[in-house]
Amino acid sequence: MPIPTELVGSLPRPMKLQEAYADYDEGTITWDELKAEQDAAAEDSIARLEQTGEPIVTDGEQRESSFATYPITDTLAGTGLADNLAGDGQFFAIFDDGHHRQLPRLTAGPFRYKTLASEFVEKSRAVASRPVKQAVIAPSMLMLLYPLDGEIEGYSRDQFLDDLCDEVEKDIRQCFAAGAVRVSIDFTEGRLANKNDSRNPWTNKDMLDEFIALNNRVIDRFSPEERKNIGIHTCPGGDCDSVHSKEVPYEKLLSKMFDLNAGYFLIQCASEEDKEEVYRLCGKYRRDDANGVSQVCFMGVINPLDPTVETAEQVKNDLLTAAKYIPKESLGATDDCGFSPFSRDIKPKHGSPDFARDVAMQKIQARLEGARLASEELGV
């Protein structure tokens, strides 16, 4: 079987769609008008991915406020916020260029999703001619909606976590029921948990073990056969062409991440200074038997934050090096991160989000061709 290849999820949203989000926040267009722009961008994303030859496609998250907040708000500005939430939560992350992203704050129980990702799967399958995947958010991200210290009156932390795990499980199951062939769980907070940023209090709480245990509470509800197609994505952030935790030693995460009982991992690597060390660590820590499933490492061979397009030869060489440390039957290829995980992202290093969409397709083609070349050379 050739080296499998899969994108993380998001693609840059066209400027026209980003402007529609802003207009909707300002009340100058209707929800139906915004949805029309989302639908157009989603259908264009699927069509362009299929033209590259991408074997499993997504809508590029064109209908999502962000990878993290799609279940609980219609827009990043908080328009359409779900029940029992306020807009003034803690920072999720402070990025290296100085900008930040903020989560809502839970004010009362019960916690319930407003939107399930299966809605996106259903719409994508209606227009796609190839199999569809869907990225969902990890419970470890959404647990940050609850106050770090103290409890909400009448709604304990334990009650919230029970409800949260139920909602995430439902999100994943309904994606599969809607026809997704793969579901990957975004876990960018994993590396960030080791940053200890005084400006961002949760990063000082040594929460990585807690994150992993909580995520496994959901993952372990699925059978080994189901978990073969449940993935974990990790990266040091990717927003406005900036990162939030790349300086954190990667081994702090990779030495624990494979304790997650997922079947495959989408692992940022192309933008690392020492890629070979990342391959070595993944080969060391991945498990042949994660409660009945052998873990596959999809290594990042494309940097979505850099407008320079990788060559197929680069991709091939990276995968051949990775195969020295990771069994070739457990090796895959991916991009370091989604190309635009947040809906308002003008892609400053690229010059415009529209140009960034074109660049993304060229990068994806390089990944596909490089994986093909590496597969031939490895005889798989």
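All values reported here derive from a predicted model rather than from experimental measurement.
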**Q** Under the 3.5 angstrom rule, does the side chain of Thr58 hit a backbone N or O of Gln134 as a donor-acceptor pair?
**A**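 A pair under 3.5 Å: no.
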**Q** Without hydrogens or angle criteria, can the side chains of Asp345 and Ser340 be said to hold a donor-acceptor pair below 3.5 Å?
**A**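 There is such a pair (donor and acceptor under 3.5 Å, judged by atom type) between the side chains of Asp345 and Ser340.
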**Q** Counting distance only, does the side-chain N/O of Gln90 pair as donor-acceptor with the main-chain N or O of Leu144 below 3.5 Å?
**A** yes
**Q** Would a distance-only check, ignoring hydrogens and angles, find a side-chain to backbone donor-acceptor pair under 3.5 Å from Glu310 to Val315?
**A**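 Pair absent, no side-chain N/O of Glu310 close to backbone of Val315.
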**Q** If we ignore hydrogens and angles and just use 3.5 Å, is the side chain of Glu167 paired with the main-chain N or O of Leu164 as donor and acceptor?
**A**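 Absent.
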**Q** So, are Lys205 and Asp149 salt-bridged, with charged N and O less than 4.0 Å apart?
**A** yes
**Q** Can you tell me if Glu153 has over 12 outside heavy atoms packed within less than 6.0 Å of its CD?
**A** no
**Q** Flag this pair as yes if the NZ/CZ of Arg344 is under 6.0 angstrom from the six-membered ring centre of Tyr21 and inside a 45 degree cone about the axis; otherwise no.
**A**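 No - Arg344 does not lie over the ring of Tyr21 by the 6.0 Å and 45° rule.
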**Q** Should Met15 and Ile346 be marked as a side chain to side chain contact (heavy atoms under 4.5 Å, CB included) after you check the CA-CA gap, both sets of side-chain angles, and the distance that decides it?
**A** CA-CA 8 Å; Met15 183 58 78; Ile346 60 171; 4.0 Å; yes
**Q** Take atom CG of Asp206 as the centre, draw a 6.0 Å sphere, and report whether it contains more than 12 heavy atoms from other residues, nucleotides or ligands.
**A** no
**Q** Assess the side chains of Lys347 and Ser352: does a donor N or O sit below 3.5 Å from an acceptor N or O?
**A** no
**Q** To the nearest 0.5 Å, what is the distance between SG on Cys165 and NZ on Lys170?
**A** 13.5 Å
**Q** Can you name the residues that form a ring-ring contact (aromatic ring centres under 6.0 Å, His included) with Tyr325, not counting sequence neighbours?
**A** none
**Q** Taking atom types as modelled, is there a side-chain donor on Arg286 or Ser294 under 3.5 Å from an acceptor on the other?
**A**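 The criterion, which ignores hydrogens and geometry beyond distance, is satisfied for Ser294 and Arg286.
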**Q** Are Asp220 and Arg227 within salt-bridge range, i.e. N to O under 4.0 Å?
**A**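 Result for this pair is no, no salt bridge flagged.
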**Q** Is the backbone N or O of Asp197 less than 3.5 Å from a side-chain atom of Thr203, with the two atoms forming a donor-acceptor pair by type?
**A**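 The answer is yes, because a donor-acceptor pair under 3.5 Å joins these two groups.
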**Q** When you check the side-chain N and O atoms of Asp239 and His99, is any donor under 3.5 Å from an acceptor?
**A** yes
**Q** Please determine if Asp59 and Arg125 form a salt bridge, counting it only when a charged side-chain N lies under 4.0 Å from a carboxylate O.
**A** no
**Q** Under the criterion side chain to side chain contact (heavy atoms under 4.5 Å, CB included), I'd like the reasoning laid out for Thr334 against Val8: C-alpha separation, chi angles, the key distance, then a yes or no.
**A** CA-CA 7 Å; Thr334 188; Val8 172; 3.8 Å; yes
**Q** Looking at Ser271, is its backbone amide N or carbonyl O close enough to the side chain of Lys246 to form a donor-acceptor pair, meaning the two atoms are under 3.5 Å apart?
**A** yes
**Q** Taking only Lys NZ, Arg NE, NH1 and NH2, and the carboxylate oxygens of Asp or Glu, determine whether Arg372 and Glu376 approach each other closer than 4.0 Å.
**A**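 Looking at Arg372 and Glu376, the cut-off is met.
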**Q** Can you list the steps and then say if Arg105 with Leu85 is a side chain to side chain contact (heavy atoms under 4.5 Å, CB included)?
**A** CA-CA 5 Å; Arg105 173 175 57 88; Leu85 292 170; over 6 Å; no
**Q** When clusters are formed by joining ILVMFWY residues with side-chain heavy atoms under 4.5 Å apart, either directly or through shared neighbours, do Phe92 and Met143 land in the same one?
**A** yes
**Q** So, are Arg130 and Glu54 salt-bridged, with charged N and O less than 4.0 Å apart?
**A**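 Here Arg130 does not pair with Glu54 in a salt bridge, since their nearest N and O are not under 4.0 Å apart.
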**Q** Which word best sums up how the rings of Phe91 and His100 line up, parallel for under 30°, tilted for 30 to 60°, or perpendicular for over 60°?
**A**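 Rings of Phe91 and His100: tilted, 30 to 60°.
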**Q** Less than 6.0 angstrom from the centroid, inside 45 degrees of the normal: does Arg173 satisfy that with respect to the ring of Phe222?
**A**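 Flagged: Arg173 positioned over aromatic ring of Phe222.
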**Q** Does Tyr285 have any ring-ring contact (aromatic ring centres under 6.0 Å, His included) partners at least two apart in sequence or in another chain, and if so, which?
**A** none
**Q** Using the rule that Ile, Leu, Val, Met, Phe, Trp and Tyr join whenever any side-chain heavy atoms are under 4.5 Å apart, tell me whether Phe67 and Phe120 fall into a single cluster.
**A** yes
**Q** Salt bridge or not for Asp83 and Lys114, using N-O below 4.0 Å?
**A** no
**Q** Looking only at side-chain N and O atoms, does Thr69 offer a donor or acceptor that is under 3.5 Å from a partner on Thr73?
**A**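 Per modelled atom types, Thr73 and Thr69 side chains form no pair under 3.5 Å.
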**Q** Among the clusters formed by ILVMFWY side chains lying less than 4.5 Å apart, do Leu142 and Tyr70 turn up in the same one?
**A**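 Yes, Leu142 connects to Tyr70 through the hydrophobic network.
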**Q** So, are Asp166 and Arg112 salt-bridged, with charged N and O less than 4.0 Å apart?
**A**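 No salt bridge links Asp166 with Arg112.
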**Q** Thr79 and Asp25: side-chain donor and acceptor closer than 3.5 Å?
**A** yes
**Q** Just do the side chain to side chain donor-acceptor pair (under 3.5 Å) check on Glu6 and Tyr264 with the steps written out, would you?
**A** CA-CA 11 Å; Glu6 179 176 324; Tyr264 74 101; 2.8 Å; yes
**Q** Under the side chain to side chain contact (heavy atoms under 4.5 Å, CB included) rule, what do Glu64 and Arg13 come out as? Steps first, then yes or no, please.
**A** CA-CA 10 Å; Glu64 300 180 21; Arg13 284 113 174 133; 4.3 Å; yes
**Q** One thing to verify: whether Asp354 and Arg357 come together as a salt bridge, which I'm taking to mean a side-chain N less than 4.0 angstrom from a carboxylate O.
**A** no
**Q** Between Leu214, Asn216, Asp171, which is the residue that forms a side-chain contact (heavy atoms from CB on, under 4.5 Å) with Pro139?
**A** Leu214
**Q** Side chains of Thr107 and Asn84: do they bring a donor and an acceptor to under 3.5 Å?
**A** no
**Q** Roughly how far, to the nearest 0.5 Å, is CG of Leu34 from OG1 of Thr30?
**A**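 Going from the OG1 atom of Thr30 to the CG atom of Leu34 covers 8.5 Å.
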**Q** Using only atom types and a distance under 3.5 Å, with no angle test, would you say the side chain of Gln62 pairs donor to acceptor with the backbone of Gly60?
**A** yes
**Q** Kindly say whether Ala41 contributes a backbone atom to a donor-acceptor pair with the side chain of Ser45 at under 3.5 angstrom?
**A** yes
**Q** To the nearest 0.5 Å, tell me how far Ile172 CD1 sits from Ile230 CD1.
**A**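 The CD1 atom of Ile230 is 5.0 Å from CD1 of Ile172, to the nearest 0.5 Å.
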**Q** Determine whether a donor-acceptor pair (N or O, by modelled atom type, separation under 3.5 Å) exists between the side chain of Ser140 and the backbone of Phe211.
**A** no
**Q** Where do His233 and Phe298 land on the ring pair (Phe, Tyr, Trp, His ring centres under 6.0 Å) test, with the steps shown first?
**A** CA-CA 9 Å; His233 165 59; Phe298 283 69; over 10 Å; no
**Q** When you check the side-chain N and O atoms of Asp306 and Thr308, is any donor under 3.5 Å from an acceptor?
**A**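 Thr308 and Asp306 do have a side-chain donor-acceptor pair below 3.5 Å.
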**Q** Please check: side-chain N/O of Glu189 versus main-chain N/O of Met141, any donor-acceptor pairing under 3.5 Å?
**A**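 Answer holds: yes.
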**Q** Are side-chain N/O atoms of Ser242 and Asp96 paired as donor and acceptor at under 3.5 Å?
**A** no
**Q** With a 4.0 Å cut-off on N to O distance, would you call Lys363 and Asp335 a salt bridge?
**A** no
**Q** Between Glu272 and Arg191, does any NZ, NE, NH1 or NH2 come within less than 4.0 Å of an OD or OE carboxylate oxygen?
**A**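 Result for this pair is yes, salt bridge flagged.
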**Q** Taking the six-membered ring of Phe342, is NZ or CZ of Arg101 closer than 6.0 Å to its centre and within 45° of its axis?
**A** yes
**Q** Working note: Lys35 + Asp32, criterion salt bridge (charged side-chain N to carboxylate O under 4.0 Å, His left out); need CA distance, chi angles, decisive distance, verdict.
**A** CA-CA 5 Å; Lys35 286 197 294 184; Asp32 285 343; 3.7 Å; yes
**Q** Going by atom types alone, do Ser129 and Glu50 pair a side-chain donor with an acceptor below 3.5 Å?
**A** yes
**Q** Work out which heavy atom in Ala312 is nearest to a heavy atom in Leu373; give both atom names and the distance.
**A**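 Nearest pair, atom of Ala312 first, then Leu373: CB-CD1, 4.1 Å.
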**Q** Ignoring hydrogens and geometry beyond distance, is a side-chain donor-acceptor pair present between Tyr250 and Asp274 at under 3.5 Å?
**A**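 Side-chain D/A pair, Tyr250 to Asp274: absent.
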**Q** Salt bridge between Asp289 and Arg287, side-chain N to carboxylate O under 4.0 Å?
**A**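 Salt bridge absent between Asp289 and Arg287.
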**Q** Taking everything shown except Glu247 itself, do over 12 heavy atoms lie less than 6.0 Å from its CD?
**A** yes
